[in-house]
Amino acid sequence: MDWHEYLRLYPAALKGLRASGCLFLRIVCEYDWLAKEDFGGKGLVVPSCGQMNILSHPSVGGFFTHFSWNSTTKGISADLPFLTFPIVVDQICNNKMI
């Protein structure tokens with residue numbers, strides 16, 4: 001998937017997350033142009049923080065990730081189910097292996 005395809009599909013993934021009605025925490029980089037999107041009170045958007053602290057919290061029930069190797073190992077360490085959105089190179093392979 002190239003970058004343009006990613007930019008086309010990513011908003012749809014967020015729309016699905018919003019429509020699910022589930023509570024969620026979204027951690028964003030400061031340059032994420034969708035960070036300020038309204039999630040109808042169902043989501044909390046925060047700047048980058050300690051991923052393992054978040055994933056290890058007992059209230060976390062799953063991990064929506066692009067599936068980079070670091071995210072994969074942290075999600076496995078936290079014993080969480082994954083919902084994946086692989087984009088490039090190793091992320092696609094990681095998705096197939098796990």
Side-chain angles (χ1 to χ4, degrees):
M1 176 185 306
D2 68 15
W3 184 245
H4 297 289
E5 184 71 3
Y6 168 72
L7 290 176
R8 185 180 72 75
L9 293 175
Y10 188 63
L14 291 178
K15 183 179 179 183
L17 183 61
R18 183 177 47 245
S20 74
C22 295
L23 298 174
F24 64 91
L25 175 65
R26 182 160 181 252
I27 302 166
V28 297
C29 299
E30 66 274 359
Y31 59 84
D32 189 336
W33 51 277
L34 291 172
K36 300 205 184 322
E37 185 171 341
D38 177 27
F39 290 101
K42 294 292 184 182
L44 178 61
V45 180
V46 298
S48 186
C49 57
Q51 195 173 41
M52 275 310 295
N53 291 335
I54 299 295
L55 295 177
S56 299
H57 194 277
S59 67
V60 175
F63 188 21
F64 180 43
T65 176
H66 62 289
F67 232 42
S68 69
W69 189 246
N70 285 339
S71 295
T72 302
T73 57
K74 289 176 182 178
I76 290 170
S77 295
D79 196 28
L80 291 173
F82 291 101
L83 177 60
T84 62
F85 192 72
I87 303 162
V88 294
V89 194
D90 70 322
Q91 299 164 5
I92 296 165
C93 294
N94 296 341
N95 185 55
K96 289 179 182 178
M97 287 190 301
I98 307 294

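Each residue takes its place number in the sequence, starting with 1. Values below: all heavy atoms of this structure, side chains included; hydrogens, waters and symmetry mates excluded. In this text, all values refer to a predicted model and were calculated from it rather than measured experimentally.
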Participant: Does Ser71 reach the main-chain N or O of Phe67 with its side chain, forming a donor-acceptor pair under 3.5 Å?
Facilitator: no
Participant: How many angstroms lie between CH2 in Trp69 and CE in Met97, if you round to the nearest 0.5 Å?
Facilitator: 5.0 Å
Participant: Please identify each residue that fulfils side chain to side chain contact (heavy atoms under 4.5 Å, CB included) with Ile76, with sequence neighbours left out.
Facilitator: Thr72, Phe82, Ile98
Participant: Judged by atom type as modelled, is there a donor-acceptor pair below 3.5 Å linking the side chain of Ser56 to the main-chain atoms of Asn53?
Facilitator: no
Participant: Under the side chain to side chain contact (heavy atoms under 4.5 Å, CB included) test, which residues partner Leu83, sequence neighbours left out?
Facilitator: Phe64
Participant: Apply side chain to side chain donor-acceptor pair (under 3.5 Å) to Thr65 and list each qualifying residue two or more places apart in sequence or on a separate chain.
Facilitator: none
Participant: List the residues meeting side chain to side chain donor-acceptor pair (under 3.5 Å) with Ser59, not counting sequence neighbours, and say none if there are none.
Facilitator: His57
Participant: For residues Phe63 and Val60: do they belong to one hydrophobic cluster (side chain heavy atoms under 4.5 Å, members Ile, Leu, Val, Met, Phe, Trp, Tyr)?
Facilitator: yes
Participant: Scan residues 84-95 for pairs that pass side chain to side chain donor-acceptor pair (under 3.5 Å), counting only residues two or more places apart or in two chains.
Facilitator: Thr84-Asn95
Participant: Taking atom CG of Asn70 and atom CE of Met52, what is their separation to the nearest 0.5 Å?
Facilitator: 11.5 Å
